[in-house]
There are 2 protein chains.
Amino acid sequence: MATIYQVSERAGVSLATVSRVMNGSAKVGEATRNKVLQAMQELNYRPNSIAQSLASNCSNSVGMLVSEVHGPFFGEMMSGVENELRSVGKHVIIAAGHSDVESEKDAIEFLISRKCDALILHVDAVSDEYLLELNKQTPVVVLNRHVAGMDENCICLNNELGGYLATKAMLDLGHQQIAYISGPLFKLDVRERLAGHKRALQEAGRAFDEGLFVEGDFHEAGGVAAMEQLLKHKQPFSAVVCANDEMACGAMNCARDHQLDIPADVSIMGFDNVIISRYTFPHLSTIDFPAGEMGRMAARWVRKHIYQDDKLKVQNLFEPSLVLRDSVSRR
Amino acid sequence: MATIYQVSERAGVSLATVSRVMNGSAKVGEATRNKVLQAMQELNYRPNSIAQSLASNCSNSVGMLVSEVHGPFFGEMMSGVENELRSVGKHVIIAAGHSDVESEKDAIEFLISRKCDALILHVDAVSDEYLLELNKQTPVVVLNRHVAGMDENCICLNNELGGYLATKAMLDLGHQQIAYISGPLFKLDVRERLAGHKRALQEAGRAFDEGLFVEGDFHEAGGVAAMEQLLKHKQPFSAVVCANDEMACGAMNCARDHQLDIPADVSIMGFDNVIISRYTFPHLSTIDFPAGEMGRMAARWVRKHIYQDDKLKVQNLFEPSLVLRDSVSRR
DNA sequence: GCTAATAATGTAAGCGCTTTCACAAATGTT
DNA sequence: AACATTTGTGAAAGCGCTTACATTATTAGC
């Protein structure tokens, strides 16, 4: 592989000049530039980005940490990030945190030692304090989590609105008894979604009923268990709003096992609009979570603040939207 | 951030010695080692991996190119790769090729200029010749595609066996008329799966019937269209084997729209065992594609051949297996 | 035509490591 | 006790770039 030195030799100029035409960092005479360009061509020169990074103290790479590399949700996010960054010649290094404190910290250490110019994090185990501290050390953008004190660095979804829209949709369809299957309440977004649910009820003049509430685990089995519990309880309901699509699937399957027709007997709503929601039977109504867009925005944040692409605008808060499919009907 | 120089100073030793204790590349006296280790601790020293890469001419990174970063299939693969590599301190740079020749070549160029120590490719647009040529330039391992002449570098699934198992399962359940919805025939794996289907039919003494064959596009809509076509054709069948899960979903939905019960009226089989197959109704029977395992194996190939972890074994061919769920029944 | 400014290019010092080579000290050998 | 090994350590030359600074060539101003 040719080096800058060989190029400079062939073009009959100095190293610095070659570097200049590569980076456009200073004026270079037209004729000189052409000589250099041609020499590059002839030698099939490709800059060594490692050396560039060392010399310029900028690795041109950004680290991305997700809970799991698989899973439709993270896939969309990563896809958005990759797209946005590669278009400007930056690369993304991925790592998985597995929703575990040690593992997340480990991965972050790893990315830092890799000299990433910035970190895009989707984490739920580490504390806010840790993130604030980290942000002093290296630029961080946090996805789907609001950390007070670094508001500008957070790209969030209006989860409260999502919860509201889900329940509001059911109310609008005439449902009176609406059960709610929540995610693990230690998560902030879960509590926000629930708050939205409560607000919708309140606006409709209906009280929140503990008997129609179950805390689930975001997994299908948890959805089945939650539905089982609701059904056993014997408190009537005609609609179930779930805090994510997986649990909604579980709830649907459970309802069906109990000979209930969806949506005739019970309407079901998910949250996230992950790919599986389009493959369930009936197709799941849900709240769209623009994960790809948010990933893209996180990348844009990095472009703007780290790679000085000043004209870029970043949007910190995203709005969810209602996706009506076949799992709900008018009561 | 502390550098090796500061560590050496604090420990009262030379740069070389510090480097040695970091890499274990040569013997260092017990006392000296401890001094160095302590100095590192005190300074919270972290090696600059960029500098390491430049000096050692080894970037400790491997590039991974997938068709799309999202999608359950690639997610599993990437997850396997990430897991295996991070455990030994290497990192993975991802890029998407979007199944387009230019885009794939572009991404490969990108990864090469990033000085990846090896490339793990899941590509379907570039030619075999291109890959052979590429492999001379930089180490390559190809996932889910057999390229003659670089057999050792390919991690494949026995697609023929998968196709065979799918149809064999239907035959074993007593089905006589088995329709087949294929993927795009220009893809090698698609043809292999089809070959397996034909072998199963032949072994059972049944002729392959063009009237029960449709070429699909691997998407849900394609599955719907294909099923529509089969149904319109009026040629009777009691089972449909599909070349992937998405089309199987489409086929199920279409059948249902035609008032057919699954599996009572028609049994359906998918291929890949992607996550959605567990969420369909009824749960889809399918052929398991161990994508995660294969990704992990590709990473292991890299560990073995590039990072000289000689004792590692790599397995080039994986076997698919039958996953029976609710979408099939005895005829 | 002479100086002052400006533009274009070269020189060389790093960036933070690895690694070869040289050398001193400790150990073993007879 | 003299020498040959082995072991531990340091000095210094890179790796392929970027960039501050120095230098030369060109143009403008009067």
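Protein chains get the first letters and strands the later ones, always in sequence-line order, with residue 1 at the start of each. Hydrogens, waters and symmetry mates are skipped; everything else that's a heavy atom, side chains included, is used.
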Verify, without hydrogens or angle tests, whether [X] (side chain) and [Y] (backbone) share a donor-acceptor contact under 3.5 angstrom.
X        : Y        : answer
B:Glu104 : B:Asp124 : yes
B:Ser61  : B:His91  : no
A:Asn60  : A:Lys90  : no
A:Ser49  : B:Ser113 : yes

Any pair counted as ring pair (Phe, Tyr, Trp, His ring centres under 6.0 Å), so long as it reaches residues 60-79 of chain B, sequence neighbours left out
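Sorted pair list: B:Phe73-B:Phe289, B:Phe74-B:His122.
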
State whether B:Thr17 places a side-chain N or O below 4.0 Å from either non-bridging phosphate oxygen (OP1 or OP2) of D:dG10.
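Yes, because at least one side-chain N or O of B:Thr17 sits under 4.0 Å from OP1 or OP2 of D:dG10.
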
So does A:Arg300 pair up with A:Asp309, basic N to acidic O under 4.0 Å?
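A:Asp309 and A:Arg300: not salt-bridged.
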
Nearest-Å distance for atom pair [atom1]/[atom2], residues [X] and [N]:
X       : N      : atom1 : atom2 : answer
A:Glu9  : C:dT9  : CD    : C1'   : 17 Å
B:Glu30 : C:dA26 : CD    : P     : 17 Å
A:Lys27 : D:dT26 : NZ    : P     : 18 Å

Among side-chain atoms of B:Gln137 and B:Glu133, is any donor-acceptor pair under 3.5 angstrom?
no

Answer with base, sugar-phosphate or nothing: what part of the nucleic acid does A:Val28 contact at a heavy-atom distance below 4.0 Å?
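Touches sugar-phosphate only.
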
Please work out if A:Val18 contacts a base, only the sugar-phosphate, or nothing of the nucleic acid, heavy-atom cut-off 4.0 Å.
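No contact.
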
Residues of residues 19-26 of chain A with any non-hydrogen atom less than 4.0 angstrom from an atom of DNA chain C: list those, numerically ordered, please.
A:Arg20

Can you tabulate the close N/O pairs, meaning under 3.5 Å, that link protein atoms to atoms of nucleotides 13-16 of chain D?
{"unit_1": "D:dC15", "atom_1": "O2", "unit_2": "B:Ala55", "atom_2": "N", "d": "3.4"}

If you only use heavy atoms from C-beta on, which nucleotide in C:dT9, C:dT11, D:dG10 is closest to the side chain of A:Ala16?
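Within the option list, the nearest is C:dT11.
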
Let me know which of A:Met40, A:Gln38, A:Met22 forms a side-chain contact (heavy atoms from CB on, under 4.5 Å) with A:Val7.
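Filter result, single survivor: A:Met40.
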
